[in-house]
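As structure tokens, the structure follows; a few thoughts come after it.
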Amino acid sequence: MGNVEITYYCGRDCQTAHWAEHKSECKAKNARKVVFRTDDLLYLCSAAFLLRLPGGVPSITDYEKHRAFLFLANMASPVAMHEMLRSALQDTAICEEVAVQLKGPLNTGLLNMQEACLNPLVATCIVQRARICDDSTFALDIIAPHYGHSLAVLPWQEFADKNIVGVLEIAEFGHHIRHFEAGFEVALMHVREDGDMDIEGEAWLLIGDRRAFTKMALKAG
């Protein structure tokens with residue numbers, strides 16, 4: 001009898017007796033399979049998601065408001081992809097939402113979160129870091145096509161060495177969903193009360209549109 005394609009037994013009793021010793025290895029191997037099977041799904045969904053992006057951002061004279069719009073729009077990917085990732089991983093990994101500073105043509109060194117978001121020469125994004133039962137970690141790069149990355153799933157250290165200057169901030173999985181829901185409610189309240197929408201309100205509604213699009217795609221799939 002076989003076990004996960006690596007061990008053979010003379011019978012079921014021997015296999016059962018050995019389970020206590022090899023179950024952690026088997027669970028880790030199966031968890032890796034689930035994580036890496038998300039690669040094609042993540043890449044295709046990310047590519048489709050990027051087609052949903054507007055051609056540019058509104059013309060804004062206030063620089064800080066412009067950066068605020070871009071920062072909020074950067075939240076759109078983890079918000080929109082949350083349900084899809086949770087469904088694909090099937091509870092085989094514990095995820096964190098990690099804000100990273102990407103490598104670029106200019107060597108600015110690692111900035112803090114506020115400096116990175118306000119610097120037009122610095123690219124940041126949010127990736128999911130998945131940890132499986134043997135403590136191995138993997139990067140789930142939910143905007144891989146946007147930055148020309150060929151794979152959406154990589155061992156974390158390999159992803160970090162290839163693509164990032166460093167980590168800016170770490171939050172638990174679902175943090176951006178909760179942030180979005182609170183901000184979205186405030187934006188709608190201002191529209192109802194004032195009958196008008198500022199640039200920040202437009203950003204929240206843009207994120208809501210992308211989340212709805214991805215949820216529909218997940219149901220259709």
Side-chain angles (χ1 to χ4, degrees), residues 42-43 45-60 62-82 84-85 95-131 137-184 199-211 214:
L42 269 176
Y43 204 89
C45 287
S46 299
F49 178 78
L50 290 169
L51 292 175
R52 188 77 175 176
L53 295 177
V57 296
S59 176
I60 307 169
D62 188 318
Y63 177 75
E64 288 195 6
K65 285 185 178 180
H66 192 177
R67 295 304 301 171
F69 182 92
L70 293 177
F71 173 70
L72 288 171
N74 197 36
M75 286 179 56
S77 293
V79 168
M81 298 288 185
H82 180 81
M84 188 271 289
L85 279 172
C95 280
E96 300 172 311
E97 296 175 354
V98 183
V100 298
Q101 180 180 325
L102 296 168
K103 291 180 178 178
L106 298 179
N107 183 15
T108 61
L110 181 63
L111 306 178
N112 63 43
M113 188 68 174
Q114 184 177 11
E115 290 171 338
C117 290
L118 293 177
N119 190 328
L121 302 178
V122 172
T124 65
C125 73
I126 296 165
V127 297
Q128 311 294 332
R129 181 162 60 190
R131 184 182 303 275
T137 53
F138 302 88
L140 309 180
D141 186 359
I142 52 181
I143 55 170
H146 181 67
Y147 289 104
H149 302 164
S150 58
L151 294 172
V153 178
L154 282 172
W156 178 263
Q157 195 57 53
E158 183 179 345
F159 169 82
D161 291 343
K162 284 184 176 180
N163 301 313
I164 71 173
V165 178
V167 171
L168 297 169
E169 190 174 83
I170 301 173
E172 62 181 335
F173 189 56
H175 166 77
H176 289 88
I177 283 283
R178 292 188 290 275
H179 190 184
F180 160 74
E181 289 172 346
F184 192 71
I199 191 63
E200 188 171 310
E202 289 184 26
W204 288 118
L205 293 181
L206 174 65
I207 296 171
D209 171 74
R210 297 177 191 177
R211 184 189 185 194
T214 309

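For clarity, every value in this text was computed on a predicted model and none was experimentally measured.
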First locate atom CD of Q101, then atom CD1 of I164, and finally report the distance between them rounded to the nearest 0.5 Å.
9.5 Å
To the nearest 0.5 Å, how far apart are CG in L140 and CZ in F159?
9.5 Å
Interatomic spacing from CD in Q157 to OG1 in T137 - rounded to 0.5 Å:
7.5 Å
Within the 4.5 Å heavy-atom criterion, are L85 and C95 side-chain neighbours or not?
no
Under the side-chain contact (heavy atoms from CB on, under 4.5 Å) criterion, do E97 and Q128 qualify, and how do the steps go?
CA-CA 5 Å; E97 296 175 354; Q128 311 294 332; 3.2 Å; yes
Checking side-chain contact (heavy atoms from CB on, under 4.5 Å) for the pair V167/L110: CA distance, chi angles, key distance, verdict?
CA-CA 8 Å; V167 171; L110 181 63; over 6 Å; no
Please report the C-alpha distance between V127 and V100 in whole Å, then the side-chain angles of each, then the deciding distance to 0.1 Å, and finally whether the side-chain contact (heavy atoms from CB on, under 4.5 Å) criterion is met.
CA-CA 7 Å; V127 297; V100 298; 4.3 Å; yes
Closest heavy-atom pair, I170 versus R129, reported as atoms and distance to 0.1 Å, is CD1-NH2, 3.2 Å
Working to the nearest 0.5 angstrom, can you tell me the gap between L102 CG and T124 OG1?
7.0 Å
Gap between atom CG of L168 and atom CD of E115 - 0.5 Å precision
10.0 Å
G109 and V165 have their tightest heavy-atom pair at C-CG1, 3.9 Å
Mind checking what makes salt bridge (Lys or Arg N to Asp or Glu O under 4.0 Å) contact with K162, not counting sequence neighbours?
E158
Any chance you could measure E96, atom CD, to W156, atom CH2, to the nearest 0.5 Å?
8.5 Å
